[in-house]
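Keep in mind that this is a model prediction, so the values were computed, not measured.
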Amino acid sequence: MADDERHPNSPVFCVPVHLTDLDGASQNGGVDEQSSFYRILIIWAGDATLLLDNEEQHMAKNSVLLCYPEESVRMICDSRTPLRGIQIEYRCFRDNGMIPSPLQEVAPLSRCSPALKRLALELRHAWLYPREDEPFRAQKWFTDMLIELQKERSANEQPSAHWLEKALRYMESHYMEELTREQLSAIVHVSPEHFSRMFKKHTGRTYSAHLTLLRIRKAQSRLLLGAPNLNTLAQEVGYKEGTYLSRKFKELVQVSPTYYKHQQKRIAALNLNHTASLLALGITPELGVYTTWLDRARLRHTPSTKHKLKRSPADKNAYYESIAAALPDVIVSYASEKENIRLLDIAPVLEIPFMDMGWREQYELLAEVVGMREQAAQWLRHYDHQIEGCNQLLNQTMNKRGTAMVWEICNHAAYGISSRFGRGAQVLYEDLNFQAPAKAIKEGMLTQGYVEVPIYSIADYAADYVFITSLPSELEGRACVERLFQSEKWRSMEAVLQKQVYILDDSELFYGYDPISSQAQLSKLMHAMCPDHKFA
């Protein structure tokens, strides 16, 4: 039997090994990017941005942060508010050797109490000015400080989200590997026992049940997109053979993998664009997101509406319950949505990387999920035929296409949009062969997806054609637009002089990035440029 099993409650010893002043406003504020020790950072004055494993965290007056060994820490200080505080590095022992720090196993603390600050200052003084007659003075203040810190953190009812989120992210990336509870608890620096308690408390599942859930949901997602044979699929998701995968699959989903692959799916679409893509295929999702414009357009595509989901729900629990009530077989969402992990309790989440896929690719992907690839191909052929006719007309009316800029003007800023964010830009740049202005390209519009500028700066982006898809709703924003339109710089723009500025102001129509919206945007853009012609 191991020593820690014979003496599970033996005393814990935490020993400080380094203390660093964080005074000043220099880059990184005296903090080493990585340390092999546990660290406590206490700030009692100033302001800084902390990059903790590349995740931004604000550190202000009277804040506390605990860091794991080898965790990357980079501090960027504000020169206007010089930083003052200390970093304490320490080791943690039991009588049988090194152990994880108990401080990492309780609730997080972000604020420094007066008592904790006083003890930290006493420790700093004892560390910097040691006395021969009191050799253990620094250790005493450090121990008292840890006791106060433990007391305050244990009183905090919020869970220690940092290590738990890290564990969940790791499982998301490594679910296909042989990953034990002991391995993962070591990775996040907590004991296996505490890991199990906190994991079950905050996910509602054991570690092994959550791992099984991840694997089966990934298997379902692969089946939606034409998975390989069962044995190969099993190895892809972390099982050794297909028969075992089939058994675990049926336990969770209640049907076999083969049945699930071929059954008609109930779909919950969690955003407007995928709702519209399904409507273009003649499918009304069990749950979908609609605008007033899409609701009107839907009547031309599908006969009835089922459940509607609010696009930006304030109540996350109500949002979750709405999705669960639809009893979907698959949930369609964007890959960037943070709540997707929670939705795995309900159904597999088909995450679509919208920054890497245009609306056509997303449409074709959804068509494959519902077994309607030929219908999608037929729709796209019809759309391309419309594009061909529009280009022939533009060739007759224009010497050349030139440059175009699409602006979405909000209450406090204007956004120049690239085809990656739609708003009609995908039609102009990808289908009608207009080019983006050089200044917008130089400022990263094509790579970032948009440029954000003050409203009065719109006139700095010279383009042959200017399309304004929405105007501010507030009086202050509208006043800014009016001042822009009256300015000499705007009035001298070539697009203004040539009467090639089109104020469309139809935000709901231009918000969509999907087949139905793109077709309607094409019609509206062509009507603006060629008002004497009719478009469907």
K.L.:
So, Arg381 and Glu374, do they make that salt bridge, N to O below 4.0 Å?
P.N.:
yes

K.L.:
Just checking, any donor-acceptor pair under 3.5 angstrom between side chains of Asp464 and Thr403?
P.N.:
yes

K.L.:
Do the ring planes of Trp379 and Trp359 sit parallel (below 30°), tilted (30 to 60°) or perpendicular (above 60°)?
P.N.:
perpendicular

K.L.:
Would you kindly say whether Ser518 and Gln426 are connected by a side-chain donor-acceptor distance under 3.5 Å?
P.N.:
yes

K.L.:
Taking NZ, NE, NH1 and NH2 as the nitrogens, is one of them in Asp431 or Arg360 under 4.0 Å from a carboxylate oxygen of the other?
P.N.:
yes

K.L.:
Between Arg478 and Glu474, does at least one N-O distance fall below 4.0 Å, as a salt bridge requires?
P.N.:
no

K.L.:
Would Tyr334 and Asn273 count as having a side-chain donor-acceptor pair, cut-off 3.5 Å?
P.N.:
yes

K.L.:
Going through the checks in order, is the side-chain contact (heavy atoms from CB on, under 4.5 Å) test met by Leu350 and Ile331?
P.N.:
CA-CA 6 Å; Leu350 183 64; Ile331 299 168; over 6 Å; no

K.L.:
Between Arg222 and Glu236, does any NZ, NE, NH1 or NH2 come within less than 4.0 Å of an OD or OE carboxylate oxygen?
P.N.:
yes

K.L.:
Distance only, no hydrogens: is a donor on one side chain within 3.5 Å (strictly under) of an acceptor on the other, for Thr469 and Glu408?
P.N.:
no

K.L.:
With no hydrogens and no angle check, is any side-chain donor or acceptor of Asp505 less than 3.5 Å from a backbone partner on Ser470?
P.N.:
no

K.L.:
Less than 4.0 Å between a side-chain N and a carboxylate O, is that true for Lys524 and Asp506?
P.N.:
yes

